[in-house]
Each structure stands twice: as structure tokens, then as C-alpha cells.
Amino acid sequence: MFDRLKRAVQSCPATERTARLLFDRRFQMARRNLRGIGIEIGALDRPLFLPWGTRAFYLDRLHPNELRRHYPELNHRSLYVSLIADGETMDCIRDNALNFIIANHVIEHCEDPIATLTMFTRKLLSGGRIFLAVPDKRRTFDRSRTETTWEHLVEDHIQGPAVSRLQHYREWAESVENLQGNAAQQRARELTAMDYSIHFHCWSESSFLDFLNRVRAFAPFALLDSCSWRDENIYVLECTNGPTPGRTS
């Protein structure tokens, strides 16, 4: 009986997509928490499926053709890019303009996560939402890396990420690409020259929650919703300052 039902669902792409969404934790979280108009950063070929009436524009740091050159695995895939800008600054978006920001598998690519989350809260209206899916290092290729400490993040924030950039690339070459010695150092220099977007930082569920608790000293938000799913942890943050939608100061 179950096999016949499964084959029937798979025979109709629209029905199969609907069935998959019923079990998709990202969509369930989005349906509960996202409304209005917002931005999704770095959606590439997998934008978040949004609830009815909710609209997103797609921001990435590179043009789709450049993304495909940078990441050959994206060749022949449709990429979602409507705005080209740095996702860590979003200079093309005015402050207090958005109902939500989606950044799935983005924060680990940010060289200064403290500044990035602080900037997100500036771009949102009061009550606006930040939707983050963050890979859990224990269940990804980051598993052999040391979790990023709060002290390291503060140092990057105060001194600027350029101070530790080469160190991050070296760690990536050694822990993820399994290179050692001169080979790791050479690879780190290559990645730096390419401005390649690695996981500059990595967290488990508990260490990322600690980061959120501490970064609230810099950025006004509250943790509204969270869950763990597959290889990631999903968080919805609510902005607690800025103008209220529909009102002017």
C-alpha cells in the first residue's frame, strides 16, 4: 500500500513537491515566521520556499556567470540572483526597509559575523525576522575543525577580518582539503587570491546559541524559533528595534 502511494506521488512532480514540503523543516519554519517582502542572500539554485503572499528578492555577491565559474558544480543550474551586492554589508538596501532577511548557509561564510548580524537588524523594520540555517560542524565536512570561539569573533570584529584571513584559508586547506605543510600554505594563498568563499567559521548547535546570546550586546534581536534538521540548525530571530511597519517616526 505504501509503495503504491509513493509511486503515485512520484509520478506527479507537483504532488511530489507538495509532499516534500510537508516534511521540510525550513518551509515549516518559514510558514510560521515569514511575512511581507524581504531579501534572501546566497540562494544560488536552492531558494527557500516561501508561504503564500510572501515575496523575496535574491542577493548575491557575484553575477550568475561568475558564480558558475567560481563554483563549476553550479553549471547548467538555474541561479536566483536579482541584486548583486556584498551580503555582509547590503549597501544597496536602505535601513529599516525589510520584513525579513533569509541567510541559509551564509553566516559561516561571513568574515565578521558580529558585524553581519548587526547590519541585518539595521535593514529590518521592528518585528522583522532573520531566518538562518547554519550547518552543524559535527555533521558536515567541518567536523574535524575547532569550533569558532567568541573571543576569536570579537578579535575579527575589532581588528578587521583581514588579520586572520590567511589563517582561515590555511585551516580550511588542512582540515577540509587534507593538505599539509607547503601544499596547505600554497593552497591558502590560492584561495586568498581567488577570494574564495569558504566556511570561515564553524559551530555546533550549542556554540552557535552561545554566539547568538553574546552578539545581542551588539545587535537588538530575540531568538523567536529554532530547530535542528539534517545537517543544520535553523534559527529565526526577531528584530527588536527600528520603526514599526506602517508607521513613520
Side-chain angles (χ1 to χ4, degrees), residues 38-44 59-62 70 83-98 100-124 128-137 140 142 145-173 175-176 188-189 191-223 232-233 235-237 239-242:
I39 291 286
E40 180 166 2
I41 302 170
L44 298 179
L59 183 148
D60 211 295
R61 68 192 186 106
L62 298 173
H70 215 63
L83 298 167
I84 299 174
D86 186 343
E88 294 192 53
T89 59
M90 290 174 59
D91 290 333
C92 63
I93 307 296
R94 63 180 175 84
D95 290 352
N96 309 126
L98 303 171
F100 62 84
I101 295 171
I102 302 165
N104 291 330
H105 289 228
V106 168
I107 196 72
E108 68 277 8
H109 292 273
C110 296
E111 293 192 81
D112 185 351
I114 294 174
T116 299
L117 276 184
T118 303
M119 177 273 295
F120 284 175
T121 62
R122 290 201 310 270
K123 302 299 180 181
L124 292 169
R129 308 289 169 78
I130 302 170
F131 189 106
L132 302 173
V134 184
D136 191 310
K137 71 170 292 291
T140 72
D142 287 323
R145 300 175 65 188
T146 302
E147 294 181 42
T148 301
T149 65
W150 172 250
E151 290 74 20
H152 174 88
L153 294 172
V154 170
E155 184 176 353
D156 279 353
H157 182 63
I158 293 174
Q159 297 186 6
V163 173
S164 60
R165 184 174 296 139
L166 188 61
Q167 171 192 337
H168 285 303
Y169 281 123
R170 176 68 181 261
E171 181 192 7
W172 175 272
S175 300
V176 178
R189 288 194 291 266
L191 292 170
T192 303
M194 294 168 60
D195 191 25
Y196 193 81
S197 183
I198 62 167
H199 289 190
F200 287 100
H201 305 103
C202 60
W203 298 272
S204 65
E205 182 180 13
S206 61
S207 61
F208 193 78
L209 283 171
D210 180 66
F211 163 66
L212 290 179
N213 286 331
R214 291 172 181 266
V215 81
R216 288 173 64 187
F218 297 82
F221 66 80
L223 178 61
E232 65 188 23
N233 302 304
Y235 308 90
V236 178
L237 315 178
C239 181
T240 54
N241 77 341

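Computed from a predicted model, the values in this text were never measured in an experiment.
Checked by atom type and distance alone, the side chain of Thr121 never pairs as donor or acceptor with a backbone atom of Ala219 at under 3.5 Å. A side-chain donor-acceptor contact under 3.5 Å links Thr149 to the backbone of His152. At least one donor-acceptor pair under 3.5 Å links the side chain of His109 to the backbone N or O of Ser197. Proximity of a side-chain donor or acceptor of His201 to a complementary backbone N or O of Thr148 within less than 3.5 Å is not detected. With hydrogens and angles disregarded, a donor-acceptor distance shorter than 3.5 Å links the side chain of Asp112 to the backbone of Ala115.
Under the salt bridge (charged side-chain N to carboxylate O under 4.0 Å, His left out) criterion, Asp156 pairs with no residue, sequence neighbours left out. For the ring-ring contact (aromatic ring centres under 6.0 Å, His included) test, residues two or more places apart in sequence or in another chain that qualify with Tyr235 are Phe208. With sequence neighbours left out, the side chain to side chain donor-acceptor pair (under 3.5 Å) criterion links Asp210 to Arg214. His70 is linked by a ring-ring contact (aromatic ring centres under 6.0 Å, His included) to Tyr196, counting only residues two or more places apart in sequence or in another chain. Evaluation of the side chain to side chain donor-acceptor pair (under 3.5 Å) rule for Asp95 yields Lys123 as partners, not counting sequence neighbours. Applying the ring-ring contact (aromatic ring centres under 6.0 Å, His included) criterion to Phe131, with sequence neighbours excluded, gives no partner residue. Residues forming a side chain to side chain donor-acceptor pair (under 3.5 Å) with Ser206 (at least two apart in sequence, or on another chain): Ser204. Listed by chain and number, the residues in a salt bridge (charged side-chain N to carboxylate O under 4.0 Å, His left out) with Asp136 are Arg138, Arg139 (sequence neighbours excluded). Contacts of Val106 classified as side-chain contact (heavy atoms from CB on, under 4.5 Å), with partners at least two apart in sequence or in another chain: Ile41, Ala103, Cys110. Remark: Asp91 pairs with Thr89 by the side-chain contact (heavy atoms from CB on, under 4.5 Å) rule, at least two apart or across chains. His105 pairs by the ring-ring contact (aromatic ring centres under 6.0 Å, His included) definition with nothing, not counting sequence neighbours. In this structure, the side chain to side chain donor-acceptor pair (under 3.5 Å) partners of Arg165, at least two apart in sequence or on a different chain, are Glu111.
A 4.5 Å side-chain heavy-atom check between Ile130 and Cys239 finds every atom pair outside the cut-off. Leu83 has its side chain within reach of Ile93: a pair of non-hydrogen atoms, C-beta onward, lies under 4.5 Å apart. Ile107 has its side chain within reach of Trp203: a pair of non-hydrogen atoms, C-beta onward, lies under 4.5 Å apart. Residues Ile114 and Val154 have side chains in contact (heavy-atom distance under 4.5 Å, counting atoms from C-beta outward). Side chains of Glu108 and Cys202 form no contact here, defined as non-hydrogen atoms less than 4.5 Å apart. At least one side-chain heavy atom of Arg61 sits under 4.5 Å from a side-chain heavy atom of Asp195. For the pair Arg170 and Leu166, the minimum side-chain heavy-atom distance is 4.5 Å or more. The closest side-chain heavy-atom distance from Leu212 to Leu117 is below 4.5 Å.
Distance check, rounded to the nearest 0.5 Å: CD1 of Ile84 to SG of Cys92 gives 10.0 Å. Atoms CG and CG, on Asn104 and Leu132 in that order, are 7.5 Å from each other to the nearest 0.5 Å. If you take CD on Glu171 and CG on Asp142, they are separated by 8.0 Å, rounding to the nearest 0.5 Å. Once rounded to the nearest 0.5 Å, the distance linking NZ of Lys137 with CG of Asn233 reads 12.5 Å. Note that the CZ atom of Arg122 and the CG atom of Asn96 stand 10.0 Å from one another [nearest 0.5 Å]. Atoms CZ and CE, on Phe218 and Met119 in that order, are 16.0 Å from each other to the nearest 0.5 Å.
Ring geometry for Phe211 versus Trp150: interplanar angle of 30 to 60°, hence tilted.
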* **Derivation and outcome, side-chain contact (heavy atoms from CB on, under 4.5 Å), residues Arg216 and Thr240** => CA-CA 11 Å; Arg216 288 173 64 187; Thr240 54; over 6 Å; no
* Are Glu40 and Phe100 close enough, and set up right, to give a side-chain contact (heavy atoms from CB on, under 4.5 Å), and what steps lead you there? -> CA-CA 8 Å; Glu40 180 166 2; Phe100 62 84; over 6 Å; no
* Glu205/Val134 under side-chain contact (heavy atoms from CB on, under 4.5 Å): CA gap, chis, key distance, verdict -> CA-CA 9 Å; Glu205 182 180 13; Val134 184; over 6 Å; no
* To do: Check the pair Phe120, Leu237 against side-chain contact (heavy atoms from CB on, under 4.5 Å), reporting the backbone distance first and the verdict last.
  => CA-CA 10 Å; Phe120 284 175; Leu237 315 178; over 6 Å; no
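Under the 6.0 Å cut-off for aromatic ring centres, His168 and His199 do not qualify, their centroids lying 6.0 Å or more apart.
Pro135 and Thr140 make their closest contact through CB-CG2, 3.9 Å (heavy atoms, listed as atom of the first residue, atom of the second, distance).
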